[in-house]
Amino acid sequence: MAKHPQKPINLIKWFDPRNKSLGSWAFILNRITGLGLTLYLFLHLIMLGQLAGGPEAYDGFIALVKNPIFLAGELLVIAAAFIHGLNGIRIGITSFGIAGGKQKQLFIGLMTVAIIAIIYFAIRMFTH
Amino acid sequence: MTQTWSITYEIFRKKGSQAAHYDRFEMKVDPDEYVLDGIERIWAFHDRSLVFSHACHHSTCGACGMVVNGVEKLTCITPIRSVTKDGGVIRVEPMRNFPVISDLSVDMTVFYQRMESVGHQPVVSIAHEDSKGKFDPDDDLLRLSDCIECGLCISACPIALTTPAYLGPAVLAGAQQSGDLNLCVLELVDSENGAWRCHSAYECTEVCPSHVDPAWRIMDLRKKLVSRRIKKFFGVK
């Protein structure tokens, strides 16, 4: 069998939504949210490391994260989790031959649920 | 009454090791003509060095697949009206994820070899084809398989873009359709670069001009592979 060299340079084209169908938009969203959640995991662990600095460092950190910019960042994490998780359910279902012909309807339905959940959390976070 | 549109074809050009570029050809066309008609006219009246593949002109041979304004199309059945407007541009490029031989023509040798390796059958029983993979060996009525091996699905696939080792939608759909998952085929499709490499972007099904629905077939193939593994685990024949 002939060798087929990988082309990692083309990875960037995965994120180009031009002339693409809904399935590709779902594909792109899943990659962006997946990368975002992975980045958040590292940031989260770094933030948790602040606890080692004692009660004062911890209180200072808590005061910082109550800043609206941090709240908006947390809302992005929640949005990414809902989009990635619900889209993951769609992929899981269709990947084993269930409702493959209805993947667009599944995507629209699950993303509607995600949007409702994100709006709910946004209201809760910014009104308390 | 026949309409006449003034449009510009932007044709991808590349010969040997020369740098790729686009040549522009301004043309008067009937918008109900097909994109391939315009390309042929460019070859006939403007530039005889233009290389492109075509044969049947009625979506049976699968030779004239190209990327038209960023989307994979079988150019012999793509009306000019559907891809541009009067005064507009039609950018024509060779299919992605295949080596370019010259201009708009690509090398599909590896693709054809893979189709053969998985036992793709160009002629199938009617019951077999119409029931999306349910095989009826007693049926003696035959028809051509829906897949015309045009390669558009592989050109549109984001995974084939980064991993040429990936078998690709048409090949996996061919394996699913053949129904014969013998050890040689299993080694190919039940592998890292087989059915499990698909990331569910569904572009293959979107661009398929022949209603093969490769994405559905890949998912069905996965179901069959999982079923085989479960049966094997429990010692069921």
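In what follows, every chain begins at residue 1, and chains take the letters A, B, ... in the order their sequences are listed.
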Exercise for the section: Please flag which part of A:Lys20 lies under 4.5 Å from any non-hydrogen atom of chain B: side chain, backbone, both or neither. Expected result: both
Problem - B:Tyr34, OH: over 12 other non-hydrogen atoms inside 6.0 angstrom - result: no
Handout entry: Residue-level interface, residues 199-207 of chain B with chain A, non-hydrogen cut-off under 4.5 Å
Key = B:His199, B:Ser200, B:Ala201, B:Tyr202, B:Glu203, B:Glu206
Exercise for the section: Would you mind reporting whether A:Trp14 and B:Ile159 have side-chain heavy atoms less than 4.5 Å apart? Expected result: yes
Handout entry: For B:Asn69 against A:Asn19, the heavy-atom pair lying closest together
Key = O-ND2, 3.6 Å
Exercise for the section: Mark yes when over 12 heavy atoms from residues, nucleotides or ligands other than A:Phe15 sit less than 6.0 Å from its CZ; otherwise mark no. Expected result: yes
Practice task
May I ask you to check whether over 12 heavy atoms, not counting those of B:Glu116, lie within 6.0 Å of atom CD?
Solution key: no
Exercise for the section: Output all residues satisfying side chain to side chain contact (heavy atoms under 4.5 Å, CB included) with B:Arg229, sequence neighbours left out; order by chain, then residue number. Expected result: B:Asp190, B:Trp196
Problem - Region of B:Asn193 in contact with chain A, defined by heavy-atom distances below 4.5 Å - result: neither
Problem - residues 11-25 of chain B: residues contacting chain A (heavy atom under 4.5 Å, by number) - result: none
Practice task
Please tell me if the side chains of B:Pro158 and A:Lys13 come closer than 4.5 Å, counting only heavy atoms from C-beta onward.
Solution key: no
Exercise for the section: To the nearest 0.5 Å, tell me how far A:Phe96 CZ sits from B:Arg222 CZ. Expected result: 6.5 Å
Practice task
Please check if atom CG in A:Leu45 has more than 12 non-hydrogen atoms from other residues, nucleotides or ligands closer than 6.0 Å.
Solution key: yes
Problem - Interface residues of residues 60-84 of chain A facing chain B - heavy atom cut-off under 4.5 Å - result: none
Problem - Check: B:Leu161 main-chain N/O paired with A:Asn10 side-chain donor or acceptor under 3.5 Å - result: yes
